[in-house]
Amino acid sequence: MPPYKSAMPELPEVETLRRELNKLLVGQTIKNVEVLWTKAILPMTAKKFTTELLGQKVESVDRRAKMLIVNFSNGKSLVFHLKMTGQVIFVPKKGGATFGGHPTSDVQTPGKHTRLILEFKNGDHLYFNDMRKFGWSRLVSATELNTLTSHSGPEPLSKDFSADFLFDLFQKYPNRTLKQILLDQTLIAGIGNIYADESCFLSGLMPNRKAGTVNQKQAAELYKQIVAVLKLSISKGGTSSRNYRRSDGSRGSFVPCLMVYGRAGETCKKCRALIQKIKHAGRGTHFCPQCQH
DNA sequence: TGCCCCCTGCAG
DNA sequence: CTGCAGGGGGCA
């Protein structure tokens with residue numbers, strides 16, 4: 001078994017939750033709120049948080065960068081950031097098809113890491129679990145939501161992101177490394193450690209390569225691979241290398257598709273060289289010494 | 001620009 | 001038992 005790995009939910013993981021919860025929550029009305037760890041909802045008090053949520057009806061579920069956004073019909077939004085170990089788990093009312101979570105799930109609802117519970121009128125529950133307590137959930141107005149999301153760069157799967165945009169970034173920050181740029185949420189939204197390493201591998205570029213040394217063709221290839229790996233991972237329900245779970249408590253199935261992330265010491269799936277791990281940009285960084293330059 | 005901090009579980 | 005893992009915000 002691979003060694004200890006800690007990976008936070010990134011774009012594909014949060015997008016998976018968004019798609020699932022959009023089907024499950026829209027039209028539901030909040031009947032009860034339980035705040036089990038008050039810091040999870042800072043800066044709001046548990047009392048105010050609860051009062052404002054009671055009776056609210058879910059209109060849609062959104063995602064921006066790595067933030068999961070539950071919109072209510074009164075214009076307010078409940079925003080979740082899962083950070084390292086956050087989970088958002090949906091448990092249908094008793095008698096529901098998957099009551100108690102996914103049959104093979106190891107997730108406790110509620111459990112010792114449950115920080116917040118929402119109960120809906122029909123008896124369904126939504127649990128916010130977070131072992132490390134880095135994650136948060138904020139109830140915000142439309143204006144505040146705009147502020148929260150305005151610091152993020154373009155969505156990589158939107159038309160705002162393109163090969164030219166990426167190349168322009170590299171020209172703008174020639175002394176930064178590819179990984180530093182890919183991880184910077186103000187430049188591009190939603191890419192974290194896993195998909196930064198994976199997209200660099202897939203495009204044959206070293207994560208610590210200076211952006212200024214990358215030519216237009218290479219930038220175009222990296223762009224293409226970023227989009228491809230994010231889409232593929234979404235189609236697999238994301239990467240559950242450790243804490244991340246889908247809304248029913250089950251694991252995403254992208255781990256077998258990983259080429260370098262979490263594979264230090266294992267053989268490269270392309271050339272059989274040993275995958276290496278270094279520390280770069282403050283993160284564990286995985287690469288193939290033979291495939292990437 | 002880079003380091004500290006928030007946290008907990010697990011490796012060593 | 002110590003120390004490391006790490007997103008992102010804050011601060012020097």
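As a basis for the values below, the full set of heavy atoms in this structure was taken, side chains included, without hydrogen atoms, waters or symmetry mates. The sequence lines fix the lettering, A, B, ..., with proteins before strands; numbering per chain opens at 1.
Among the protein residues, A:Gly192 comes within range of no part of the nucleic acid, since none of its heavy atoms lies under 4.0 Å from any strand.
Remark: C1' of B:dT1 and CG of A:Asp184 are 12 Å apart, rounded to the nearest angstrom. In this structure, the CZ atom of A:Phe134 is 15 Å from the P atom of C:dG10, given to the nearest Å. Computed from coordinates, the A:Glu10 CD to C:dG8 P distance equals 9 Å when rounded to whole Å. Taking atom CG of A:Leu148 as the reference point, atom C1' of C:dG9 lies 12 Å away to the nearest angstrom. As rounded to whole Å, 13 Å separates atom P of C:dG8 from atom NZ of A:Lys179. The distance from atom CG of A:Leu82 to atom C1' of B:dC6 is 16 Å, rounded to the nearest whole Å. Between the CG atom of A:Asn193 and the P atom of C:dA5 there is a distance of 11 Å, given to the nearest Å. Taking atom NZ of A:Lys83 as the reference point, atom P of C:dG10 lies 10 Å away to the nearest angstrom.
Proximity of A:Lys133 to the phosphate of B:dC6: no side-chain N or O atom is located under 4.0 Å from OP1 or OP2. The phosphate of B:dG9 (OP1 or OP2) has no side-chain N or O of A:Arg242 nearer than 4.0 angstrom. Note on A:His113: a side-chain N or O is less than 4.0 Å away from OP1 or OP2 of B:dG9.
Screening A:Ile188, A:Leu187, A:Asp197 against A:Leu182 for a side chain to side chain contact (heavy atoms under 4.5 Å, CB included) leaves a single residue, A:Ile188.
For A:Phe161 and A:Tyr223, the ring centers sit closer than 6.0 Å to each other.
The side-chain heavy atoms of A:Tyr127 and A:Val107, taken from C-beta on, include no pair separated by under 4.5 Å. Looking only at side-chain heavy atoms (C-beta outward), A:Leu68 and A:Leu82 stay at 4.5 Å or farther from each other.
No hydrogens or angles considered: a donor-acceptor pair under 3.5 Å links the side chains of A:Ser247 and A:Glu20.
Of the candidates C:dG8, B:dC6, B:dT1, C:dG8 carries the atom nearest the A:Lys66 side chain, counting heavy atoms from C-beta on. Closest to the A:Lys112 side chain, of the nucleotides C:dG8, B:dG9, B:dT1, is B:dG9. Listed candidates were B:dT1, C:dG8, B:dT8. Nearest to the side chain of A:Met131 is B:dT8. Of the candidates B:dT1, C:dA5, B:dT8, the closest approach to any side-chain atom of A:Lys279 belongs to C:dA5.
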